[in-house]
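In this chain, numbering begins with 1 at the start of the sequence shown.
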Amino acid sequence: MSLAASYCVICCRRIGTFVPRSKSHTSWRNIRNIVRFTGSLIVGGSLFITYQVLALKKSLTLDTQVVEREKMKSYIYVHKALVDSLDNHGPFSTVDIEDHDCAVWLLLRKSRQDDLAARLEAVREMSEAHHWHDYQYRIIAQACDPRTLIGLARSKESDLRFFLPPPPLPSLKEDSSTEEEFGHLLASLPQTELDECLQYFTSLALSESSQSLAAQKGGLWCFGGNGLPYAESFGETPSATVEMLSLEAIVKHSEIPSHCDYIEAGGGLQLLQRLYQLHKDCPKIQRSVLRIIGNMALNEHLHPAIVHSGWVSLLAEALKSCHIMEASHAARTLANLDRETVSEKYQDGVYVLHPQCRTSQPIKADVLFIHGLMGAAFKTWRQHDSQRALTENALVDEDSYTTCWPKTWLAKDCPALRIISVEYDTSLSDWRARCPMERKSIAFRSNELLSKLRAAGVGERPVIWVSHSMGGLLVKKMLLEASQKPELSALINNTRGIIFYSVPHHGSRLAEYSVNIRYLLFPSLEVKELSKDSPALKMLQDEFLELVKDKDLQVLNFVETQPTFIGSMIKLQVVPVESADLGIGDLIPVDVNHLNICKPKTKDAFLYQRTLQFICETLARDLEN
């Protein structure tokens with residue numbers, strides 16, 4: 001603007017200093033001067049106007065990010081009375097709600113209706129919304145009720161922005177640590193209803209924790225007393241090992257419903273959350289924490305406390321983990337929290353591998369996986385270990401390697417199945433047992449597992465059992481027990497078939513070595529019960545054969561042909577061919593050892609394809625209906 005004005009002033013001064021020569025010259029020169037002046041004025045005025053327009057436009061331009069933040073501020077802190085008014089006053093006014101936000105509030109209203117189908121539809125629509133602004137997800141996160149939040153957590157496609165971060169954890173007391181707080185929590189739990197193993201875990205954890213705390217204050221770590229062999233078995237760092245002892249004790253306490261109330265009242269939910277977040281690099285600790293929360297979720301009166309402590313957000317994230325074990329622990333806990341779509345309860349050691357999320361796919365049958373001696377719910381059913389897979393991170397492509405083929409392969413091939421894997425503690429020797437006082441017979445374990453499976457609704461649909469090693473003996477005992485109890489008649493009537501992977505129907509040579517060579521110090525009760533031609537095994541075999549023939553059950557048997565290393569000194573065929581022969585059904589020898597008989601090398605391998613064929617053929621009629 002100043003440049004244009006200066007130019008006009010100079011032109012005016014030039015006009016004023018001209019000396020007239022003649023009329024003709026003067027008139028033409030005046031005209032030229034006027035034109036120059038006018039042009040200068042127009043150019044200067046144009047520059048001035050342009051400058052003013054640009055300045056005004058800049059002053060009126062709005063920062064869209066600021067607008068979005070302001071919208072978030074206006075919607076994120078939703079007063080509960082406002083949301084409750086949506087339920088109490090019928091159709092609500094949208095005068096103060098922008099058009100693109102109406103859908104969000106309508107879904108919130110729909111999720112609070114009395115009609116179950118409407119609520120489920122609202123949650124499904126929310127979970128499928130992937131085009132919303134960030135603040136719109138936060139509206140749902142702040143305003144939805146607990147059952148909607150749990151439904152979103154169990155929806156496969158849900159955006160994690162639906163879940164607010166857990167509330168801040170209370171500060172630890174001065175000169176206190178997480179380990180010390182765990183010790184106080186454990187010491188405050190009741191000493192009633194404790195079996196020998198629970199007493200053992202509790203006393204061991206308190207003893208090791210007190211010694212560790214004393215050593216920490218001196219800058220050292222100490223392992224003393226009878227905890228050393230147990231601590232070594234974990235193979236973790238010293239701090240994680242001591243915390244695992246406390247966690248193991250609290251896991252056992254959480255199996256008792258009345259003790260869960262004390263854990264919650266003592267701030268256990270927040271303390272467990274602190275440990276969970278501190279040890280993100282320690283899957284074993286995280287799984288133990290999730291196991292405790294899953295046990296507490298069996299008690300419906302504790303659901304509000306679990307939700308309000310922020311656990312649903314952590315569980316929703318864990319469910320999306322690429323690590324099958326972590327996702328399965330989270331899936332079990334969320335299923336126990338979800339009383340909208342799940343009527344079953346999954347007790348400690350019972351894991352649903354498929355479906356782990358809410359689904360519209362009707363489930364028509366159950367397939368149960370029961371591991372054997374020294375096995376586990378996940379590791380027993382992993383793919384055959386290659387040298388590469390053992391050394392690489394677990395994040396490998398599931399198409400090339402899976403840590404649990406029933407979840408990765410079978411779930412895709414048979415999506416109409418509910419796939420459950422069961423876990424229980426076993427040991428070769430009482431000397432290395434997790435609980436030296438725990439001596440559970442096959443009969444005791446079968447009753448224990450039957451109770452858990454009944455709570456999970458097993459028997460309400462057609463069932464196929466898949467078992468490895470001693471797990472097959474458990475299946476046989478469970479079915480015989482169920483056949484004698486009228487309340488379990490549905491389980492027998494709905495059992496369609498059984499797959500046995502190297503099951504020692506007539507005993508195992510492992511028991512012979514443990515007794516004769518004494519390599520296994522203090523052989524466990526499980527091993528003793530596998531003695532070749534034992535009267536108990538013979539009775540179990542005879543009674544089970546009658547049951548199979550009477551109910552016309554389908555049977556498939558696999559057996560190893562290669563020896564297995566037991567420690568570094570013994571190499572033997574754990575289950576010989578003659579022992580794996582049930583006397584009914586196909587018996588298929590496989591060129592692998594005892595550990596790998598249930599671990600297919602690839603999805604196209606004969607071992608998996610024959611298993612899949614048996615399941616599909618046995619359940620063909622049920623899956624068609």
Side-chain angles (χ1 to χ4, degrees), residues 172 176-189 194 196-216 220-256 259-260 263 266-296 314 318 323 325-326 328-330 332-333 348-349 351 374 376-379 394 423-427 431-438:
L172 292 174
S176 181
S177 65
T178 303
E179 186 181 333
E180 193 170 0
E181 293 295 322
F182 262 103
H184 292 325
L185 175 63
L186 194 55
S188 68
L189 298 179
L194 305 185
E196 289 184 335
C197 276
L198 185 47
Q199 293 176 8
Y200 169 79
F201 280 118
T202 301
S203 61
L204 176 61
L206 290 175
S207 172
E208 294 298 320
S209 178
S210 61
Q211 294 183 45
S212 173
L213 287 171
Q216 281 185 65
L220 299 172
W221 284 95
C222 173
F223 293 102
N226 57 1
L228 181 57
Y230 186 74
E232 288 177 342
S233 67
F234 286 108
E236 300 285 350
T237 59
S239 59
T241 302
V242 174
E243 287 169 340
M244 277 301 301
L245 290 171
S246 298
L247 274 177
E248 194 68 39
I250 295 177
V251 165
K252 296 294 183 181
H253 278 279
S254 68
E255 294 177 16
I256 304 174
H259 289 204
C260 291
I263 294 174
L269 290 171
Q270 291 76 19
L271 193 57
L272 289 167
Q273 190 177 125
R274 185 187 303 278
L275 192 66
Y276 183 84
Q277 294 177 343
L278 279 175
H279 291 280
K280 292 183 178 180
D281 58 342
C282 185
K284 185 174 289 187
I285 285 182
Q286 289 202 316
R287 290 195 298 268
S288 294
V289 170
L290 292 179
R291 187 176 167 190
I292 296 170
I293 302 300
N295 291 344
M296 296 180 69
L314 299 175
H323 297 281
M325 293 178 67
E326 181 181 0
S328 298
H329 277 79
R332 169 183 171 250
T333 305
D348 190 50
Y351 301 98
M374 298 297 291
F378 302 97
K379 73 175 185 179
E423 184 161 290
Y424 57 96
D425 295 332
T426 65
S427 61
W431 180 63
R432 295 294 292 174
R434 297 173 69 247
C435 174
M437 284 78 73
E438 186 174 52

Ignoring hydrogens, what is the shortest heavy-atom contact between [X] and [Y]? Give both atom names and the distance.
| X | Y | answer |
| --- | --- | --- |
| Asp281 | Leu278 | OD1-O, 4.4 Å |
| Tyr351 | Ser328 | CD2-O, 4.2 Å |
| Ser203 | Tyr200 | OG-O, 3.1 Å |

Can you tell me how far apart [atom1] ([X]) and [atom2] ([Y]) are? Round to the nearest 0.5 Å.
| X | Y | atom1 | atom2 | answer |
| --- | --- | --- | --- | --- |
| Leu189 | Lys252 | CG | NZ | 15.0 Å |
| Leu272 | Leu314 | CG | CG | 11.5 Å |
| Met296 | Cys260 | CE | SG | 5.5 Å |
| Ile293 | Arg291 | CD1 | CZ | 13.0 Å |
| Asp348 | Arg332 | CG | CZ | 5.0 Å |
| Phe182 | Arg274 | CZ | CZ | 10.0 Å |

side-chain hydrogen bond (donor to acceptor under 3.5 Å, both in side chains) involving [X] - partner list, sequence neighbours excluded:
| X | value |
| --- | --- |
| Glu423 | none |
| Thr333 | none |
| Ser288 | none |

Student check: side-chain heavy atoms of [X] and [Y] closer than 4.5 Å:
| X | Y | result |
| --- | --- | --- |
| Lys379 | Met374 | no |
| Leu198 | Glu255 | no |
| His253 | Leu186 | yes |
| Phe378 | His329 | yes |

**Item:** Among Gln286, Lys284, Arg287, side chain to side chain contact (heavy atoms under 4.5 Å, CB included) partner for Met325
**Value:**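 Between Met325 and the candidates, side chain to side chain contact (heavy atoms under 4.5 Å, CB included) is satisfied uniquely by Arg287.
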**Asked** Taking the side chain from Thr202 and the backbone from Gln199, do they hold a donor-acceptor pair closer than 3.5 Å?
**Response**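 No: the side chain of Thr202 does not pair with the backbone of Gln199.
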